[in-house]
Amino acid sequence: MPVIEVNNLRKVYGDITAVKDISFKVESGEIFGIVGPNGAGKTTTIEMMEGIRTPDSGTISILGLHPLKDSKKLRQRVGMQLQQAALPDRLKVWEAFDMFSQFYERFVDAQELLESVQLSEKRNAYFSQLSGGQKQRLFVALALINDPELVFLDELTTGLDPHARRSMWDMISGLRERGKTVVLSTHYMEEAEFLCDRVAIFHKGELLALDSVNNLINELDEDKRVEITLIEAIDTAKLNELETVSEVTRKGVELIVRGSSNRLVVDVVETLANMGAEIRTLRIKEANLEDVFLTKTGSSYRTVNNHSSNAGDTES
Ligand SMILES: Nc1ncnc2c1ncn2[C@@H]1O[C@H](COP(=O)(O)OP(=O)(O)OP(=O)(O)O)[C@@H](O)[C@H]1O
Ligand SMILES: [Mg+2]
């Protein structure tokens, strides 16, 4: 039985349909990512699964239970990190764990959780004394206090520095190793690529695509790209004739050659060598989730998304 089953889920706010008849399943033990730009419907969908918002139509089953009718039972088994959350300013970090653990029949060691999000030395700090990223990490830790089977993380790493983001990724991967099911939303395509077993791409309330990152990328016609800077400009006709090349874009001495075959790079370099062309720089790029988004929507993820999609360190 899937851990989550969502069928024809719909949510309307006035004249905005935030979620348009979405259906999907989440299997036990997977890290399931919901990606998409601002306003795509990620939080609305997650909060309907959490039983915080009421759908206008459609059905949701969480661990075989109903998010609203069985909310008491589910609260014991599910962890939630909300996109918008706050605690009283004068509450100390350790007191927050104390308070949260009282809601649950079963809870884990707070010290270990604090260590896993690098907040041990802040255990006596007031909530108001934490930085934005530290608050974020605290909320992720609090979502795990009841050792949940299923955890929802809405915008896991927004506001985290690259180091904190990496450690958060390690922690989430650790949850998978312990057999937990994780549903997370993120603006960062590279985060979804790194962490998620399957990714759902949301756009304007619709589910555009749902599959493993590899399958989504392999479905693209052009999943490879070679970016070359030459010493001197050349005529690109010979490159265009190559069977493995689907498109060549030239701007002065800069070339972008697209194709899908594993032979693409060798063919291109060989052809350039035969022409006597000299290469100043050459970069090979695999297609990524942003290319999938571009293909499905016709618009670039970076321009659609207000947030910069820049976790910083995954350029190749
Ligand atoms: N309580 C609400 N009342 C009215 N409209 C809402 C409400 N919540 C969300 N919306 C609208 O529904 C749409 C989806 O919002 P949602 O918060 O689900 O998007 P999101 O994908 O989580 O975006 P973000 O990446 O910015 O968090 C948006 O157009 C938003 O303005
Ligand atoms: Mg959101």
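Each ligand, and each atom within it, is numbered from 1 in the order the structure gives.
- Short contacts between ligand 1 and A18, defined as distances under 4.0 Å to a heavy atom of the residue, involve ligand atoms 12 (O), 13 (C), 14 (C).
- Formation of a donor-acceptor pair under 3.5 Å by the N7 side chain with backbone atoms of T59 is not found in this model.
- Looking at T158, T44, V12 and measuring to atom 16 (P) of ligand 1, the nearest heavy atom belongs to T44.
- Below 3.5 Å of separation, one finds an N or O of G41 facing an N or O of ligand 1.
- Atom CZ of R166 sits about 13.0 Å away from atom CG of L160, to the nearest 0.5 Å.
- In the candidate list D154, T43, T186, T43 is nearest to atom 22 (O) of ligand 1, counting heavy atoms.
- A cation-pi geometry, defined here as NZ or CZ lying under 6.0 Å from the six-membered ring centre and within 45° of its normal, holds between R165 and Y188.
- Heavy-atom separations between E47 and ligand 1 are all 4.0 Å or longer.
- Ligand-side atoms of ligand 1 in range of A40: 19 (O), 20 (P), 21 (O), range being under 4.0 angstrom from any heavy atom.
- Placement of L264 and I284 within a single hydrophobic cluster is found when ILVMFWY residues are connected by side-chain heavy-atom separations under 4.5 Å, directly or transitively.
- Contact annotation for K11 and ligand 1: no heavy atom of the residue comes within less than 4.0 Å of the ligand.
- Not a single heavy atom of G36 lies less than 4.0 angstrom from ligand 1.
- Under the 4.5 Å side-chain criterion, counting only non-hydrogen atoms from C-beta, R53 is in contact with T44.
- Nearest to atom 14 (C) of ligand 1 by heavy atom, out of G205, G39, S185, is G39.
- Relative orientation of the F24 and F32 rings is parallel, given thresholds of 30° and 60° on the angle between their planes.
- With ligand atoms numbered from 1 in the order given, ligand 1 contributes 8 (N), 9 (C) to contacts under 4.0 Å with heavy atoms of R53.
- Few gaps surround CD on Q129; more than 12 heavy atoms of other groups in view lie less than 6.0 Å from it.
- The distance from the Mg ion (ligand 2) to the nearest N/O/S atom of T44 is not under 2.8 Å.
- Those atoms of ligand 1 with a heavy atom of E155 less than 4.0 angstrom away are 24 (P), 25 (O), 27 (O).
- Geometrically, K42 does not engage F202 in a cation-pi contact defined by less than 6.0 Å to the ring centre and at most 45° from the axis.
- Note on ligand 1: H187 sits in its first shell, one or more heavy atoms being nearer than 4.0 Å.
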